[in-house]
Number of protein chains: 2
Amino acid sequence: MQTSDNSRHDGAGPDPLALDVRKSAILNAVVTEYIGSAQPVGSQHVMDAPGVSVSSATIRADMAALERDGYLAQPHTSAGRIPTDKGYRFFVDHLGGPGALDPVGRQQVRQFFDHAHGEIELMLEKTSGLLADLTDCTAMVVGPSHELATLRSVQLVGLGPRLALLVVVLADGAVQKQSIDLAEDVDEGRLADAARCLAAHSLGRALSQIDATLVTTGDPATDAVVSVGVDALRHLGSAEAGDQLFVGGSSHMAAAFDAVDTVRSVLTILEQQLVVVTLLRDVLDRGLSVAIGTEHGVEPLASCAIVVMPVSVDGEVTGTIGLLGPTRMNYPLALAAAQVVGNRLGQRLSESRR
Amino acid sequence: MQTSDNSRHDGAGPDPLALDVRKSAILNAVVTEYIGSAQPVGSQHVMDAPGVSVSSATIRADMAALERDGYLAQPHTSAGRIPTDKGYRFFVDHLGGPGALDPVGRQQVRQFFDHAHGEIELMLEKTSGLLADLTDCTAMVVGPSHELATLRSVQLVGLGPRLALLVVVLADGAVQKQSIDLAEDVDEGRLADAARCLAAHSLGRALSQIDATLVTTGDPATDAVVSVGVDALRHLGSAEAGDQLFVGGSSHMAAAFDAVDTVRSVLTILEQQLVVVTLLRDVLDRGLSVAIGTEHGVEPLASCAIVVMPVSVDGEVTGTIGLLGPTRMNYPLALAAAQVVGNRLGQRLSESRR
DNA sequence: GTTGGCACTCCATTCTACTGAGTGCTGACC
DNA sequence: GGTCAGCACTCAGTAGAATGGAGTGCCAAC
């Protein structure tokens, strides 16, 4: 855990390497408390926290300093403090500890993956449900792209006079299809010929490795079919066709906010698959595992935080899992859950690939 | 429109055939107004409504009667009236008129289906989005069951030493898969043999027509594979594997209620595919096209209404579309939208079947 | 049967006062 | 110089009282 490398992208405070130890403890206490209670935290409460053994007056002085430096904010005078995005960021980067699933959760994960079987889509969907249950967040699972999986079967099935279906089976068990419009009527025999030719051209290779070199069978009409077939294959290999998004536990967003407007705007975002997938990829590309508040660019999610975790299949990062919650989400838990589930999912997918 | 046959399942009022014409007009006005404003409607406002040309005092008397008969309710004395479930029911059955999409909406539908193409799942998903947009409700689309589509292709693809994938292509373009655990190692040749045998046994029939009769190839090891293959086919044909649910516009539920708890519980229901599918089927089976409030048995949805519409493919009812909104949803619009979209979707699917 | 008039109800809003959690400051202490 | 107790102050939240107004039910008259 502890993504100790990222952050430090804003040169705001005069402190490149953080807070003195007591201020850290106080910030830690405020964040932890606020995550639990969703109520502004006063100096009185912080006194009880471990690692802080000074009077409330001293704590107040430190909290004022933390506010000056942008780690804390006050909803109004005479209220307690709540963490700012910067405060959460520091918490995630330097405090908060590794975090771990409770035994029940760990048991749940183990059980899930022991019994997980069947089609990959179903498993990914259920994984999103599992993650959501574990963390009380909304979980997003982007299926591994199949660019690297090798082709195990290529088939052309005629559906209508000029309509055929290209059906591809990949080594990881994914089945993809693409309907093909044919320029002229093609009978079953010719389709079969074309399919055989396509198979010879592509079997054992990954979808992304299919090149556009001409393949000829000697028969021009069959060649035409093969040609559109190759195009279809390459289309399947392209990114746009691949990403499947599974969202689980969106109801948790309704529990996280009490402003119904916020809920609506967050749900609206979640309905836009492309936005979500892009968002996750973006955060990952920037080397972050957590994006808090406005750190990701999506305004409607300004009061949310995102935890992302890559899913590696055979050492290659292909899938992504993400957790979406309010900025006052339980980061250590979310990170732990995402990591555990991400790892196990990756293992699982690696196994079924070979 | 106008499902003038259902209802009359509770013998509450002494009126088997309803309200005198003015009371109907008043009820109509109250419902219409309340759907628009979400505010209790007073006698003063009803005066302006068409078909009602009496004084507010008379209207008050009628409204009192309507309340006595259970069509209206009063949040408190000295407030206006709001419709009860029974009031909505009467509105839907006898008032409200046919309802129609506005030109913009109709244009949207036309454009959608003119440009709809590609894989069926994608189309259904987008259809749910369309419906949600048109009606400001949450749309549910249950994909047509493939029980009736005939098999066009059956294939077995080896994925691992004892793992194979059964891939089935149906005449409607659906591709289904089912992983198969084999008792012992089976080489590609034997898989191909078994697949050929399965094909001979099942091609041209519908999934639901696959019977369990023994098929023999002469080779016991191959027969074993065929046997699990037949089981897998029959499993695909069974209801449990078939229903795909697409939910669109769940964010509209957050806009419909201002109690965040309600939103959460509704979303929780929507996450349970099985519950939703069962609910829709249930309402449809009871011959209703609208289920209001507690008419369906799902308590968390007591403040919601559901509009369902069957989707007929080649005259056979196979799919379902549903709209979920608050009980004060715009029924005429929802019914119109569901009918138009349902029809066009059915047509579309029928076309691509042959 | 319908209507205008009238007394009544009660939610919603506003205002006030009050409480209490929490702060910032200051002067004393170690 | 950092720490701490004490104190004055602030201000959201709550409760209670007053007000306004939308709406009702009833009744006598048409």
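The sequence lines fix the lettering, A, B, ..., with proteins before strands; numbering per chain opens at 1. Atom set for the values below is all heavy atoms of this structure, side chains included, hydrogens, waters and symmetry mates excluded. Here the structure is a predicted model, which is why all the values come from computation and not from measurement.
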Item to check | Residues that B/Arg106 engages under salt bridge (Lys or Arg N to Asp or Glu O under 4.0 Å), provided they are two or more places apart | outcome: none
Checklist entry - Rounding to a whole Å, what distance do you find between A/Ile26:CD1 and D/dT3:P? => result 10 Å
Checklist entry - For B/Arg286 and B/Glu295, what are the C-alpha separation, side-chain angles and deciding distance, and is it a salt bridge (Lys or Arg N to Asp or Glu O under 4.0 Å)? => result CA-CA 11 Å; B/Arg286 282 163 54 199; B/Glu295 289 179 0; 5.6 Å; no
Next on the checklist: Between C1' on C/dA12 and NE2 on B/His76, what's the gap in Å once rounded to a whole number?
Outcome noted: 9 Å
Next on the checklist: Would you call the rings of A/Tyr88 and A/Tyr34 parallel, tilted or perpendicular, taking 30° and 60° as the class edges?
Outcome noted: tilted
Item to check | Side-chain N,O (A/Arg22) to OP1/OP2 (D/dG2) below 4.0 Å | outcome: no
Checklist entry - Atom CG of A/Leu72 and atom C1' of C/dG22: how far apart are they, to the nearest Å? => result 14 Å
Next on the checklist: Of the options C/dT23, C/dC10, D/dC11, whose atoms approach the side-chain atoms of B/Ser78 most closely?
Outcome noted: C/dC10
Checklist entry - Looking at B/Thr77, does any N or O in its side chain come under 4.0 Å of the phosphate oxygens OP1/OP2 on C/dC10? => result yes
Checklist entry - Which heavy atom in B/Val307 sits nearest to a heavy atom in B/Ala338, and how many Å separate them? => result CG1-CB, 4.2 Å
Checklist outcome for this item: Contact check, residues 33-64 of chain A vs DNA chain D, heavy-atom distance under 4.0 Å, returns A/Val54, A/Ser55, A/Ala57, A/Thr58, A/Arg60
Checklist entry - In a check of side chain to side chain contact (heavy atoms under 4.5 Å, CB included) between B/Met140 and each of B/Val276, B/Val308, B/Ile321, B/Leu131, which one passes? => result B/Val276
Checklist entry - Shortest non-hydrogen contact from A/Leu323 to A/Ala334? => result CD1-O, 3.5 Å
Item to check | D/dA22 phosphate, OP1 or OP2, under 4.0 Å from B/Arg81 side-chain N/O | outcome: no
Item to check | Separation of atom CG in B/Leu66 from atom P in D/dG23, rounded to whole Å | outcome: 17 Å
